[in-house]
Amino acid sequence: ASRWTVVTHGTWLGQTRRAGECGFRTARRVVNLDTNTHHRRNVWLPKCRAAFGEGSSSNEATEDTPLPGLAPVALDASPRWDLVHARSVSSVAEILMHKRDAQKVIRKALRMEWCGFDEISGWAGNAWGGGINNAERLAIAETVLGVEVNRLTLAWLVVERTRSADPEVIENAGGVDAFGVDALDAVLCEFGLERAFYENEKNEREAPRRPEFVAAATAMVTLHWTHTRDDVVGSAAISKETVRVLRGGAKMVAGDAWPTGVAENNAARNSLPVWFARRLLNERGEANAFAIANALKQVAPLMIRRNGIMCPSMEHLKRALSDEGVATSTLTGAATAVDTGAFLSLSSSTKTPQRENENEIETPGSGSVPLPTQPPVVLGAPDCLRLMEGRPRVGIFGLDTYRKGWFEVQDPGSQCIATAVVDGVTSGTISGLKSSFRRQSAADENEEEVPTTSNDDVITVLDTCCGSGGKTLAIASALHETGVDFRVDCFDLDRRRLRHLTAACERAGCADSVRVVSRRDLQAVANVGGTYDAVLVDAPCSSTGAVRRKPSLRWGMVESQTLRSPESFGIETTGGVKTNEAKKTGEKKEKRFFDDDETETVIDGDLRTGSDDRVGVVSFPSLQLCILREASSLVKPNGGVLVYATCSVLKSENEDVACEFEAGDQNKKERKWAPFPFAQNWPAAKCRPKTDCAATAKSQNATHFVGLNPSAHGTDGFFMARW
């Protein structure tokens with residue numbers, strides 16, 4: 001719900017609903033209750049009047065001029081599709097033209113008092129006084145996110161179907177300019193798909209202006225609705241002639257003309273930058289490349305992890321969630337193949353949102369090929385549940401089970417990384433524990449007390465790039481379940497990401513076992529040769545494996561950042577990030593990532609606030625290798641475990657970095673690291689080794705590299721290596 005309200009003559013009119021009932025007769029300023037930000041009335045009010053067709057955008061509006069008001073909309077009313085269409089189009093046009101983050105734009109578009117982006121008089125998105133109900137908010141969000149995910153596919157199809165349509169039909173629909181083909185052509189070219197609508201050279205044409213982007217956004221929203229709604233013409237802004245063009249006419253029978261190149265074909269069908277599609281093709285092969293690309297555009301399921309510190313068992317959690325009206329299933333009870341989302345049909349000529357065979361995928365070279373699938377990752381994520389109906393009606397934060405700390409929202413692939421750390425460090429042959437468990441069940445109250453571990457046997461784990469602490473909490477939960485004494489230390493270069501960790505630990509019941517360490521703490525550990533039983537390096541990366549959860553991320557990825565750049569290595573702090581001083585002088589800086597640095601360099605690729613925080617990264621592989629090498633000095637020499645992980649599906653950030661780390665720096669005397677393999681088929685093996693896991697894994701010819709992807713495993717894309 002919106003946190004914006006209006007202050008009038010020093011009196012609160014209340015929150016969105018109450019303010020809508022009052023009609024907003026007068027207004028002096030708008031106040032954001034979250035940030036206490038005041039918008040000056042002489043800027044905000046005339047703009048809103050112009051958009052809503054009341055008065056002029058000049059200084060005609062006075063402080064006491066009444067604002068337009070609508071009758072309050074019923075909370076359970078059906079969406080007003082004209083309003084949904086207008087707000088969606090304005091949002092998409094802004095995203096395309098100014099390269100905005102879709103999720104941030106949506107947060108504005110869902111506010112009742114939102115004026116749109118530079119809209120003309122009589123804008124249909126006016127919701128003043130009437131408000132916006134939940135059905136309309138959901139429709140706006142799904143429309144904008146659906147268009148954003150399928151940006152390249154929609155742009156290709158609109159241009160393709162427009163240029164091949166009957167001239168008379170095009171004329172009746174308003175001509176080619178009504179479809180924004182110039183703006184769409186610019187979108188296609190930006191991401192590697194050459195699709196010029198006109199015959200003249202591109203460099204002779206002017207850059208598209210806002211009206212062209214609005215026309216392009218209108219066409220994309222309309223085409224998206226033809227695949228997701230039954231009554232597309234129900235909105236007054238959409239004509240039958242426009243729908244006739246966008247549905248393809250003869251294309252319904254003959255099929256659309258897709259790019260002939262395999263990588264370009266994958267990029268157009270599955271809405272990815274061409275460079276990313278080409279990398280998938282070269283590293284995975286045609287069938288896997290298409291399967292992964294298709295899976296990355298699906299709606300990610302909502303997965304949670306039981307917190308073993310607060311919740312005694314999976315049955316307790318399932319029963320408690322059921323009492324709150326939340327249906328769940330375990331990984332063994334959920335489909336492991338990629339889910340069929342709302343966007344699958346966009347690469348076909350039919351309206352049906354389902355494939356004929358859900359276990360196959362179309363490729364240009366091999367035709368229909370089976371989808372690669374693996375058993376569920378039950379060993380890597382033993383405490384994982386799926387919320388079958390997605391986000392609960394009251395939201396995650398509104399659930400009593402969440403407030404009690406019984407679960408955390410976490411992808412099963414991320415849970416596997418935490419399990420890789422805990423399984424390694426709690427193995428008897430690795431950690432060398434002398435005594436074992438400090439807890440016993442209530443059923444054994446009358447038995448002899450179990451001895452606790454000594455201070456020397458407390459397991460210490462370091463999460464070097466902990467971010468907001470998701471894997472930290474998972475490690476704490478898993479270690480608590482084993483019964484050993486433990487401590488988990490957290491560190492992140494970006495202190496902003498740690499601001500919610502303390503509250504999260506309090507709710508999860510592990511505040512006494514988790515602490516945030518400083519740079520000097522890590523320096524002291526490195527100076528004595530390392531003391532941690534396990535160190536997790538969840539390194540900053542391009543996040544190519546997580547694009548299904550962040551729709552705009554796929555359009556902000558830069559290929560050069562995913563490549564190793566030896567020429568830049570050594571002149572930056574922490575490998576791939578240039579400091580201001582290094583940029584000016586070019587001098588080499590021999591600093592570790594945890595050494596004192598006056599600059600607050602933001603390097604985490606997962607952080608998306610304000611501007612793009614990844615612009616300072618020259619090369620993620622260089623940065624990852626640097627952090628991995630330096631973090632390895634924090635592991636204790638005898639029996640320590642080191643785990644490297646990313647949320648990328650690119651080899652350059654995964655296997656290449658791990659192999660180069662194993663080879664060592666020839667110019668330095670470094671510790672040699674022995675691979676610590678996972679069990680065969682881990683994290684989806686049917687049985688867990690009960691003895692020496694290292695010997696068992698060796699006998700099964702297992703590897704110490706594991707990669708997960710949404711097509712085969714149903715998780716986000718992850719990679720992990722263990723030594």
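Residues take their numbers from the sequence shown, with the count starting at 1. Values below: all heavy atoms of this structure, side chains included; hydrogens, waters and symmetry mates excluded.
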Please report the interatomic distance CZ(Phe620) to CD1(Ile627), rounded to the nearest 0.5 Å.
10.0 Å
Check Ile396 against Tyr402 and note the closest heavy-atom contact, atom names and distance.
O-CB, 3.4 Å
In sequence, state the C-alpha distance, the side-chain angles, and the governing distance for Val643 and Val535, and then conclude on side chain to side chain contact (heavy atoms under 4.5 Å, CB included).
CA-CA 6 Å; Val643 176; Val535 170; over 6 Å; no
Main-chain N/O of Ala712 paired to Asn709 side chain as donor or acceptor, under 3.5 Å
yes
Scanning both residues in full, the closest heavy-atom pair of Val706 with Pro683 reads CG1-CD, 4.1 Å
Check whether any side-chain heavy atom of Phe191 lies under 4.5 Å from a side-chain heavy atom of Leu272, and answer yes or no.
no
Flag the pair Asp492 / Cys466 as yes when at least one side-chain heavy-atom distance between them is below 4.5 Å, and no otherwise.
yes
Does a side chain donor of either Asn150 or Ser271 reach within less than 3.5 Å of an acceptor in the other side chain?
no
Between Cys541 and Cys647, does the side chain to side chain contact (heavy atoms under 4.5 Å, CB included) criterion hold? Intermediate values first, please.
CA-CA 7 Å; Cys541 67; Cys647 58; 3.3 Å; yes
For the residue pair Thr562 / Arg279, report whether a side-chain donor-acceptor contact shorter than 3.5 Å exists.
yes
Within this structure, what is the SG-NZ distance for the pair Cys465 and Lys471, rounded to the nearest 0.5 Å?
10.0 Å
Do Glu148 and Ser552 get their side chains close enough for a donor-acceptor pair, meaning under 3.5 Å?
yes
Modelled atom types, side-chain donor and acceptor of Arg564 and Ser619, under 3.5 Å
no
Taking C-beta and beyond as the side chain, do Leu462 and Leu522 meet within less than 4.5 Å on heavy atoms?
yes
Determine yes or no for a side-chain-to-main-chain donor-acceptor pair under 3.5 angstrom, with Thr544 supplying the side chain and Val649 the backbone.
yes
Taking atom types as modelled, find out whether Trp723 and Glu662 have a side-chain donor-acceptor pair closer than 3.5 angstrom.
yes
For the atom pair CE (Met720) and CD1 (Ile417), what is the distance rounded to the nearest 0.5 Å?
5.0 Å
Do Asn282 and Arg278 pair up side chain to side chain, a donor and an acceptor below 3.5 Å, judged on atom types alone?
no
Heavy-atom donor-acceptor pair, Asp533 side chain to Thr460 backbone, under 3.5 Å
yes
Contact between Thr472 and Val514 at the side-chain level, heavy atoms closer than 4.5 Å - yes or no?
yes
Counting N and O atoms only, with roles assigned by atom type, does the side chain of Ser477 sit under 3.5 Å from a partner on the main chain of Asn307, one being a donor and the other an acceptor?
no
What I want to find out is whether Glu264 reaches Arg269 closely enough, with some N-O distance under 4.0 Å, to be called a salt bridge.
no
Quick one: does NZ or CZ of Arg722 land under 6.0 Å from the six-membered ring centre of Phe676, within 45 degrees of the ring axis?
yes
Within a strict 4.5 Å, meaning less than it, do heavy atoms of the Val144 and Val105 side chains meet?
no
Step by step, would you call Lys99 with Ile95 a side chain to side chain contact (heavy atoms under 4.5 Å, CB included)?
CA-CA 5 Å; Lys99 299 178 175 58; Ile95 293 167; over 6 Å; no
Could you report the tightest heavy-atom contact between Met303 and Cys384, atom names first, then the distance?
CE-SG, 3.7 Å
Between Phe491 and Arg519, is there a cation-pi geometry (under 6.0 Å to ring centre, at most 45° from the normal)?
no
Between Cys510 and Ile309, what is the shortest heavy-atom contact and its length?
CB-CD1, 3.6 Å
Considering all heavy atoms, the nearest Ser652-Glu283 contact
N-OE2, 4.4 Å
Measuring from Thr531:OG1 to Leu634:CG, what's the distance to the nearest 0.5 Å?
8.0 Å
Has the side chain of Glu408 got a donor or acceptor atom that lies under 3.5 Å from a matching backbone atom of Arg305?
no
Atom of Ala141, atom of Ile106 and distance for their closest heavy-atom approach:
O-CD1, 4.0 Å
Is there a donor-acceptor pair under 3.5 Å between the side chain of Asn654 and the backbone N or O of Leu650?
yes
Interatomic distance, Leu280 atom CG to Lys651 atom NZ [nearest 0.5 angstrom]:
13.5 Å
Is it true that Phe661 and Tyr644 have ring centroids separated by less than 6.0 Å?
no
Arg549 and Asp716 ion-paired at < 4.0 Å:
yes
Strictly distance-based, threshold 3.5 Å: is any side-chain N or O of Arg515 a donor or acceptor partner for the main-chain N or O of Val488?
no
In a check of side-chain contact (heavy atoms from CB on, under 4.5 Å) between Tyr532 and each of Val461, Val641, Thr464, Val525, which one passes?
Val525
Please determine whether side chain to side chain contact (heavy atoms under 4.5 Å, CB included) holds for the pair Leu385 and Arg306, giving the CA-CA distance in whole Å, both sets of side-chain angles, and the decisive distance to 0.1 Å.
CA-CA 8 Å; Leu385 286 177; Arg306 177 182 69 91; over 6 Å; no
Would a distance-only check, ignoring hydrogens and angles, find a side-chain to backbone donor-acceptor pair under 3.5 Å from Glu660 to Leu625?
no
Decide yes or no for Met314 and Asp383: does some side-chain heavy atom of the first lie under 4.5 Å from some side-chain heavy atom of the second?
yes
Under 3.5 Å: donor-acceptor pair, side chain of Glu653, backbone of Ser542:
yes
Is a side-chain donor-acceptor pair under 3.5 Å present for Asp521 with Ser518?
yes
Hey, does the side chain of Ser414 reach the backbone of Asp411 with a donor-acceptor pair shorter than 3.5 angstrom?
no
Using 0.5 Å steps for rounding, measure from the CE atom of Met557 to the OG atom of Ser648.
9.0 Å
Arg284 to Phe290, cation-pi by 6.0 Å centre distance and 45° axis angle:
no
